[in-house]
Peer 1: 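Pasting a structure below so you can have a look.
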Amino acid sequence: MTFKRPTSAGLAALAVGLFATTAAYAAPTINKGDNAWMMTATVLVLLMTIPGLALFYGGLVRSKNMLSVLMQVFYTVCIVCVIWALYGYSLAFTGGSDFIGGFSKAFMAGITTDSMAATFSVDANISEMIYFCFQMTFAAITPALIVGAFAERMKFAAIALFIPLWVTLIYFPMAHMVWYWAGPDAISDAAKALAAAADGAAKTAAQAKLDEVMADGGFLFKKGALDFAGGTVVHINAGIAGLVGALLIGKRTGYGKELMAPHSLTMTMIGASLLWVGWFGFNAGSNLEASGGAALAMTNSFLATAAAALSWMFAEWMIKGHPSVLGALSGAVAGLVAVTPACGFAGPMGAIVLGLVVGVVCLFFCTVVKNALGYDDSLDVFGVHCIGGIVGALGTGILVNPALGGTGVMDYVTGKVGDYDMAAQMISQSWGVGTTLLFSGIGSAIIYKVVDVIVGLRVPVEQEREGLDLTDHTERAYNM
């Protein structure tokens with residue numbers, strides 16, 4: 001599947017989020033095969049979060065905080081699912097403005113077993129309820145990523161308040177800005193009507209309709225930013241929010257003086273492996289159809305991940321004199337992060353290059369930069385997700401080039417792949433990266449401050465030393 005910015009006005013193609021259209025344009029018949037694939041992909045994305053992310057993070061903390069991390073991730077999934085049904089889906093994927101949708105689908109109004117959602121092909125729809133669930137899993141995993149940055153020291157009460165505020169004020173607007181558009185059918189129908197217009201009045205009316213359809217999109221979508229499955233919306237968004245949280249909450253007690261090694265790399269290995277498996281739903285599912293585009297995203301998700309794991313491992317081996325399991329696992333996750341925005345646009349060889357680059361870059365940020373600046377990002381959310389997301393988002397602008405094996409970008413007005421302009425595309429990608437960093441960074445800081453005033457962010461030192469499993473949940477992960 002390939003995509004192209006349709007007009008000089010800058011409506012970009014994108015890869016994962018689509019406006020779930022119902023009756024505005026003629027709805028074609030739903031393909032049962034696409035529906036079956038999308039239900040499978042949705043379950044795979046849930047697998048990424050619970051148990052994948054929960055076990056990956058849980059193994060990285062000390063044993064006295066294992067349950068607290070599991071609970072934070074599990075709670076996040078549950079609260080976001082409910083919020084998504086109440087108003088989240090509507091704010092993210094209905095019209096309203098360039099920056100946020102409206103409430104026309106609040107409480108799942110109009111979302112039935114018969115309503116349809118657009119894909120990236122003209123005259124090809126899936127069931128809207130499946131699309132609703134698929135996007136819900138994205139909304140759930142994104143804030144769950146953040147908790148790793150301040151693991152082992154934040155109150156559960158603060159988490160309980162922060163997550164719904166953050167997903168409402170940061171995630172939903174970002175999803176709308178990057179992924180909301182009118183859909184291929186609306187653009188194609190308007191373009192055909194313009195081509196068929198016989199006289200001046202008809203042409204004027206048809207042109208006005210096409211302009212209206214082209215203007216119906218999120219801010220970054222219209223800027224031309226490409227993001228197949230969430231490099232900006234998920235990874236940069238969560239990564240910068242995590243860094244801000246780590247800085248505002250402060251370092252763990254004893255950080256830099258006491259050993260804070262992962263208590264179970266076995267658990268982390270299991271979690272990372274589940275992340276990789278589930279990520280095929282994340283990336284290949286974002287194609288929204290069981291087609292060649294999904295096959296490309298799957299292939300790239302294999303290759304970039306493997307390359308990044310090897311890149312991190314061998315770089316660490318050369319620098320430190322030994323290859324570590326944690327390094328290989330961290331590299332794999334960095335590769336998954338970087339290929340997320342690029343997986344439907346890059347060619348397989350481009351994905352390998354992207355993986356090799358991001359493994360070294362993220363290793364540098366998680367060691368040299370982190371140590372030089374002295375911040376305590378407990379589980380390297382910033383170093384892996386934010387930095388990996390930036391590398392992937394900018395790399396997408398280069399690797400989409402057909403001359404480098406990329407797909408190019410589909411122009412739905414002309415019905416074919418358009419010419420590649422590297423300078424224009426990199427400007428578009430920079431808009432996506434910069435907007436996400438500023439919007440999420442500043443917005444998250446405000447939310448942390450509000451939460452701190454209401455319930456306080458950090459547990460007392462005595463409770464931190466005892467462990468959050470006992471002090472927050474009165475339970476132990478292990479019976480000694």
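Given the structure is predicted, the values throughout are model-derived calculations rather than measurements.
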Peer 1: Which value, rounded to the nearest 0.5 Å, describes the distance between Leu243 atom CG and Asp380 atom CG?
Peer 2: 11.0 Å

Peer 1: Output all residues satisfying side chain to side chain donor-acceptor pair (under 3.5 Å) with Glu258, sequence neighbours left out; order by chain, then residue number.
Peer 2: Arg465

Peer 1: Under the ring pair (Phe, Tyr, Trp, His ring centres under 6.0 Å) rule, collect the residues that match up with Phe99, sequence neighbours excluded.
Peer 2: Phe219

Peer 1: Aromatic ring centroids of Phe221 and His176 under 6.0 Å?
Peer 2: no

Peer 1: Can you name the residues that form a ring pair (Phe, Tyr, Trp, His ring centres under 6.0 Å) with Phe439, not counting sequence neighbours?
Peer 2: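 Once residues adjacent in sequence are excluded, Phe439 has no partner under the ring pair (Phe, Tyr, Trp, His ring centres under 6.0 Å) criterion.
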
Peer 1: Assess the side chains of Tyr87 and Thr168: does a donor N or O sit below 3.5 Å from an acceptor N or O?
Peer 2: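 Distance-only check passes for Tyr87 and Thr168.
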
Peer 1: Between Asn237 and Thr436, does any side-chain donor sit less than 3.5 Å from a side-chain acceptor?
Peer 2: no

Peer 1: Check side chain to side chain contact (heavy atoms under 4.5 Å, CB included) between Leu336 and all other residues, then give those that pass, not counting sequence neighbours.
Peer 2: Trp276, Trp279, Thr305

Peer 1: Do Phe138 and Phe282 make the cut of ring centroids closer than 6.0 angstrom?
Peer 2: yes

Peer 1: Mind checking ring pair (Phe, Tyr, Trp, His ring centres under 6.0 Å) for Tyr448 and listing every partner two or more places apart, or none if nothing turns up?
Peer 2: Phe162

Peer 1: State plainly whether the residues Lys222 and Asp98 are in salt-bridge range, i.e. N to O under 4.0 Å.
Peer 2: yes

Peer 1: Return the orientation label for the Phe382 and Phe365 ring planes: parallel under 30°, perpendicular over 60°, tilted otherwise.
Peer 2: perpendicular

Peer 1: Just verifying a value: how many Å separate Arg153 CZ and Leu457 CG, rounded to the nearest 0.5 Å?
Peer 2: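 The CZ atom of Arg153 sits 10.5 Å away from the CG atom of Leu457.
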
Peer 1: So Phe280 and Phe302, would you call those rings parallel, tilted or perpendicular, with 30° and 60° as cut-offs?
Peer 2: tilted

Peer 1: Can you list everything that forms a side chain to side chain contact (heavy atoms under 4.5 Å, CB included) with Leu265? Sequence neighbours excluded, please.
Peer 2: Leu60, Pro262, Thr268, Leu326

Peer 1: Could you walk me through whether Leu399 and Phe345 pass the side chain to side chain contact (heavy atoms under 4.5 Å, CB included) check?
Peer 2: CA-CA 7 Å; Leu399 298 176; Phe345 298 116; over 6 Å; no

Peer 1: For the atom pair CZ (Phe56) and CG (Leu275), what is the distance rounded to the nearest 0.5 Å?
Peer 2: 6.5 Å

Peer 1: Count the heavy atoms of every other residue, nucleotide or ligand shown that sit under 6.0 Å from CZ of Phe156, and state whether that count exceeds 12.
Peer 2: yes

